[in-house]
Every structure is written in structure tokens, then in C-alpha cells.
Amino acid sequence: MSEAPPLVEGRQPLVPDWSLVLPFPMARRVEDGSLVFWHSPRGLTFWLNAYDAGEPDDALAEWHEIHASAAFDLIEERETDFIRFAYRLDEGEEDGRQPAFYGFASARDGGQIHIAAYFDHPGLLDAVLATWRSLRFGPALQ
């Protein structure tokens with residue numbers, strides 16, 4: 001019998017100089033090159049990938065070009081040298097989950113982080129958005 005994975009919480013390191021804040025304690029694993037956080041009883045899973053990238057504005061142009069035509073709830077947010085972009089997508093799943101959330105963040109000299117969130121309850125959208133907005137590039141916080 002395998003043991004349940006340990007739960008992690010709060011600000012989590014992703015790749016060098018990138019981190020995010022989890023909305024509540026979640027399990028953590030690496031699968032197929034992606035970092036995955038999940039909480040089965042609450043029905044929330046995050047998949048994260050890091051990519052090398054150039055300028056944030058170039059990344060934003062690419063995200064706009066490739067996002068699905070069926071995407072909705074598009075969000076674009078800018079800070080100095082940092083851009084976020086996100087959208088929702090109804091993938092036609094018949095398992096009762098909410099439309100998926102796809103978010104991106106790019107920092108000058110920091111590459112990109114892509115986050116996908118899959119969740120069962122509409123009330124979790126606020127937690128998903130807060131987690132996406134918590135993505136930070138910079139020195140580790142103490």
C-alpha cells in the first residue's frame with residue numbers, strides 16, 4: 001500500500017526565481033516534466049510548466065495568437081517587466097468539471113510559466129485566480 005504524498009502549503013518554489021502561493025495545502029508531484037499540485041477532496045489540480053522566453057510583450061503576442069477561438073473570460077494584466085494572460089476554455093468534458101483555466105506569466109529575463117487549472121466547483125475560481133496572480137519572479141522570499 002502506498003502512502004499519501006505529503007501536503008505543501010503557502011509560497012512554493014517552482015523553478016529558480018519563480019514561485020506561487022497555494023490556496024490551501026495540496027499534494028505535489030512531478031509528472032511528464034510538469035509540476036503538479038492537487039487536492040482530490042476539493043477537486044482542484046494545477047499543472048505548471050516553465051519555458052525560456054524573450055521579452056514579455058513578445059510572449060503576450062504569442063499567447064494572443066495561439067489561444068483557442070472558443071476561449072472566454074480573457075484577462076491581461078501588466079506590471080513593470082511582467083505580464084499575465086489567462087482565459088477559460090470549455091473542453092466538453094462530461095465528468096462535471098468546470099471549464100479549464102489557462103494562465104501565463106512572463107518576466108523580463110525570467111522566461112514564462114504556464115499554469116493550467118482543472119476544478120470541479122465554480123466557487124474554486126477565486127482560488128485559481130489568486131494562485132495565478134501570486135506567480136512571482138524574483139529572489140526567494142524569506
Side-chain angles (χ1 to χ4, degrees), residues 2-93 95-142:
S2 64
E3 291 185 30
L7 299 180
V8 296
E9 59 186 308
R11 184 156 294 278
Q12 294 296 303
L14 304 175
V15 294
D17 295 324
W18 280 95
S19 65
L20 61 63
V21 177
L22 296 174
F24 40 76
M26 301 182 83
R28 176 183 173 134
R29 71 177 185 267
V30 175
E31 184 175 318
D32 298 329
S34 298
L35 180 57
V36 182
F37 295 100
W38 80 100
H39 193 292
S40 296
R42 291 194 183 184
L44 174 60
T45 302
F46 292 110
W47 288 78
L48 294 112
N49 290 287
Y51 300 94
D52 290 329
E55 294 296 312
D57 284 316
D58 294 338
L60 180 63
E62 180 181 337
W63 299 333
H64 275 287
E65 184 177 316
I66 65 173
H67 81 269
S69 61
F72 63 96
D73 289 348
L74 278 69
I75 303 170
E76 182 179 318
E77 299 178 349
R78 293 175 168 271
E79 297 174 21
T80 304
D81 297 331
F82 193 86
I83 294 176
R84 286 186 196 86
F85 177 75
Y87 62 89
R88 306 270 315 273
L89 185 63
D90 186 346
E91 297 176 332
E93 299 294 334
D95 59 3
R97 79 174 83 151
Q98 296 297 301
F101 173 89
Y102 294 99
F104 308 87
S106 179
R108 188 176 315 281
D109 301 323
Q112 300 176 27
I113 298 290
H114 296 191
I115 182 171
Y118 305 98
F119 52 103
D120 296 339
H121 306 288
L124 286 170
L125 180 58
D126 288 341
V128 168
L129 290 169
T131 301
W132 168 66
R133 287 186 172 118
S134 77
L135 281 165
R136 291 289 178 260
F137 176 76
L141 300 174
Q142 301 299 323

If you define the side chain from C-beta out and look only at heavy atoms, does anything of M26 sit under 4.5 Å from R42? no

CD on Q12 to CG on L35, rounded to 0.5 Å: 8.5 Å

For V128 and A117, work out which heavy atoms get closest and say how close. CG1-CB, 3.6 Å

Evaluate the side-chain proximity of R133 to E77: yes if any heavy-atom separation is below 4.5 Å, no if none is. yes

Mind checking whether L129 and F101 have side chains closer than 4.5 Å, heavy atoms only? yes

For the pair L14 and L135, evaluate side-chain contact (heavy atoms from CB on, under 4.5 Å) and give the outcome as yes or no after the intermediate values. CA-CA 9 Å; L14 304 175; L135 281 165; 3.6 Å; yes

What pair of heavy atoms forms the shortest contact from L124 to G43, and how long is it? CD1-O, 3.9 Å

Measuring from R28:CZ to L7:CG, what's the distance to the nearest 0.5 Å? 12.5 Å

What is the minimum heavy-atom distance between N49 and G33, and which atoms define it? OD1-O, 3.5 Å

Shortest non-hydrogen contact between Y118 and A100, atoms and distance: CE2-CB, 3.7 Å

Closest non-hydrogen contact found for A71 with L89 is N-CD1, 3.9 Å

When you compare the side chain of L20 with that of I113, does any pair of heavy atoms fall below 4.5 Å? no

Do R78 and I83 have side chains that get closer than 4.5 Å, going by heavy atoms? yes

Look at the rings of Y102 and Y87 and say which category their plane angle falls in: under 30° parallel, 30 to 60° tilted, over 60° perpendicular. tilted

Would you mind reporting whether T131 and F37 have side-chain heavy atoms less than 4.5 Å apart? no

Quick check: do D109 and D81 have side-chain heavy atoms less than 4.5 Å from each other? no

Could you check whether any side-chain heavy atom of E79 comes within less than 4.5 Å of a side-chain heavy atom of R84, counting everything from C-beta outward? yes

Considering all heavy atoms of both residues, which atom of F46 and which atom of P23 are nearest to each other, and what is their separation? CE1-CD, 4.1 Å

What's the spacing between H39 NE2 and F24 CZ if we round to 0.5 Å? 6.0 Å

Could you grab the distance from atom CD of Q98 to atom CG of D90, nearest 0.5 Å is fine? 9.0 Å

How many angstroms lie between NE2 in H114 and CZ in F104, if you round to the nearest 0.5 Å? 5.5 Å

Give, for atom CZ of F85 and atom CD1 of I75, the distance between the pair rounded to the nearest 0.5 Å. 9.5 Å

